[in-house]
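Encoded as structure tokens, the structure appears first; notes follow it.
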Amino acid sequence: MDLPFAESWKIKMVEPIHKSTLTEREEWLKKACYNVFQLKAEQVYIDLLTDSGTGAMSDRQWAGIMTGDESYAGAKSFFHLKDMVERITGFSYVLPTHQGRAAENVLFSYLVHKGNIIPGNSHFDTTKGHIEARGAIALDCTIAEAKDTQKELPFKGNVDVEKLETVLKEHKDRIPFIIITITNNTSGGQPVSMKNLREVRFLADKYFIPVIIDSARFAENAYFIKTREEGYASKSIKEISREMFSLADAMTMSAKKDAIVNMGGFIATNREDWYDGAKSYCVQYEGFLTYGGMNGRDMDALAIGLDENTEFDNLETRIKQVQKLAAMLDEYEIPYQRPAGGHAIFLDAPKILTHVPKEEFPAQTLTIELYLEAGIRACEIGYLLADRDPKTKENRFSGMDFCRLAIPRRVYTDNHMAVVAAALRNIYQRREKITRGVRILWEAPILRHFTVKLERL
């Protein structure tokens, strides 16, 4: 008889968390203008706002912190990072940045200009923000099936290659690059197949357009390729990762996800012209070329995290916890983007809060209800995050409206996941009584969801 599955790590240190009363949560949320980003961390019981920078580092990573080299230029910590990035990705030019959005800012400052069109698979918020802030267009070419949350597909994050080719034919001269996000966060943490990456590369070569991979969760994407795509079961995560990156010209990475560090990111490429073009922006916005926006100790921890989290056992432990939460939600028949994503469960808010009109932001309303129910902080990935159309200034309601439960790596136990599932069960059972949502009192012109002020209706 097979043994039950257990984590590939043991716990050495714990941090206390505290429950609160409904009265306290109502007061705190009202003061935060119903924006969970504005809550204090100690007001949260189980924090699923993001998996970015919230994971628990390993003993090896903490050891790396102690041996980091803080030299301003030429620090050995940078070369540890550079060597690890090259080993895993094959890219030899590396620019450290303080996080993923900084990597986008540095590289896009060189590559993206007013009037450009950047096709990709559901650009995430900061990617879209950096593109649109420069007067360019972020054009979504994700497969249509991604919008059917109840349809089971192994690679729901794929690029629609027919749609992409149409865009390339019509706007070739306006496209500086294609960007592929792995895994595809906005469509529900869904992976992209190697076959699809090859198809995109074929089109890119046909039209002489470079490819960039947004790589925040590339290791989780490699895990899904290994477990779901024919011909990859016997390959290691590192082998699959190297093959994925061989199909791109460059990558940006928020290392706060799959490298399991609290802060850090980088750009990597084999294009010397891109490296030279981005260097001056790195110095302007981040820091000198061998530290960017990072401390030496953090670069060492990042390098070790990349090494550790491109191993199968570590990824399997993480992804099976997400799948376990999904199984509990299945028991309560709560709809979410299927199959479960690699880093999060994406609740289909309009299917849960059927009486809340889209103009009152169902996913944000569900996020509020979950916090009030049990002190659980989730994140809206939907109509608020989508911002307004730059031309019409109207809210964009054409995409998905998710309440995302992002699970930090190596932080919570399955008992915490059971609390999350039970809280959602309670909300689902009273969903018919939830008929009103929220309206906007104040918003920023770009990336409004971080600072928006809302009123409960």
Side-chain angles (χ1 to χ4, degrees), residues 28-41 43-44 47-54 99-102 104-105 120 122-133 138 140 181 184-189 214 216 254 256-257 337 341 343-350 352-353 356-372 376-390 392-408 436-457:
W28 294 334
L29 197 56
K30 185 176 181 180
K31 286 183 178 178
C33 295
Y34 299 96
N35 181 349
V36 294
F37 281 96
Q38 304 303 315
L39 291 169
K40 295 178 180 178
Q43 297 169 341
V44 177
D47 202 344
L48 307 184
L49 181 73
T50 181
D51 63 322
S52 180
T54 57
Q99 60 179 352
R101 68 193 63 185
E104 292 170 343
N105 186 41
S122 303
H123 313 66
F124 197 55
D125 56 1
T126 60
T127 315
K128 178 169 62 66
H130 280 302
I131 291 169
E132 293 184 346
D140 186 6
T181 306
N184 186 335
N185 191 4
T186 307
S187 73
D214 179 348
S254 169
K256 298 165 68 178
K257 286 83 167 175
Q337 175 68 292
H343 69 287
I345 297 294
F346 288 70
L347 300 166
D348 190 340
I352 296 172
L353 303 184
V356 177
K358 66 179 186 296
E359 293 82 6
E360 296 178 13
F361 305 103
Q364 182 65 19
T365 304
L366 182 56
T367 301
I368 290 167
E369 291 291 338
L370 183 57
Y371 178 73
L372 292 175
I376 298 164
R377 179 160 62 171
C379 179
E380 188 259 20
I381 305 288
Y383 301 150
L384 269 179
L385 179 142
D387 281 336
R388 295 180 184 270
D389 184 281
T392 67
K393 306 303 179 185
E394 296 295 322
N395 284 310
R396 292 187 271 207
F397 294 120
S398 59
M400 308 302 293
D401 197 34
F402 291 128
C403 172
R404 185 186 70 177
L405 310 172
I407 302 174
R436 300 302 305 270
V438 294
R439 66 182 171 197
I440 296 172
L441 296 178
W442 177 88
E443 61 186 293
I446 293 178
L447 298 173
R448 65 182 179 182
H449 57 293
F450 290 112
T451 56
V452 69
K453 294 181 180 180
L454 302 165
E455 180 181 46
R456 208 172 180 204
L457 298 172

Enter the distance from [X]:[atom1] to [Y]:[atom2] here, rounded to the nearest 0.5 Å.
X	Y	atom1	atom2	answer
R396	L385	CZ	CG	9.5 Å
Y34	T365	OH	OG1	11.5 Å
N35	W442	CG	CH2	10.0 Å
S187	M400	OG	CE	8.5 Å
L48	Y371	CG	OH	13.5 Å
Q43	L29	CD	CG	9.5 Å

Side chain to side chain donor-acceptor pair (under 3.5 Å) partners for K30, two or more places apart: none

Restricting to non-hydrogen atoms, name the atom on [X] and the atom on [Y] that form the minimum distance, rounded to 0.1 Å.
X	Y	answer
V356	P362	O-CG, 3.6 Å
F346	G189	CE1-N, 3.5 Å
S122	N184	CB-OD1, 3.3 Å
T50	P408	O-CG, 4.0 Å
G188	Q337	CA-CG, 4.0 Å
A378	R404	CB-O, 3.3 Å

Would you mind reporting whether [Y] and [X] have side-chain heavy atoms less than 4.5 Å apart?
X	Y	value
S254	E104	no
L39	W28	yes
H123	D214	no
I381	F124	yes
I407	D51	no
T54	K256	no
D387	K128	yes
L366	L347	yes

Backbone N/O of F450 and side chain of Q38: donor-acceptor pair under 3.5 Å: yes

Exam field: side chain E380 to backbone G382, donor-acceptor pair closer than 3.5 Å: yes

Verdict with supporting geometry, L49 and F37, side-chain contact (heavy atoms from CB on, under 4.5 Å): CA-CA 8 Å; L49 181 73; F37 281 96; 3.9 Å; yes

T181/T186 under side-chain contact (heavy atoms from CB on, under 4.5 Å): CA gap, chis, key distance, verdict: CA-CA 9 Å; T181 306; T186 307; over 6 Å; no

All side-chain contact (heavy atoms from CB on, under 4.5 Å) counterparts of I440, not counting sequence neighbours: F361, L384, R388, E443, R448, V452, L454

Name of the residue among R456, R439, R436 meeting salt bridge (charged side-chain N to carboxylate O under 4.0 Å, His left out) with E360: R436

Side-chain H-bond candidate by donor/acceptor type, N185 with H343, under 3.5 Å: yes

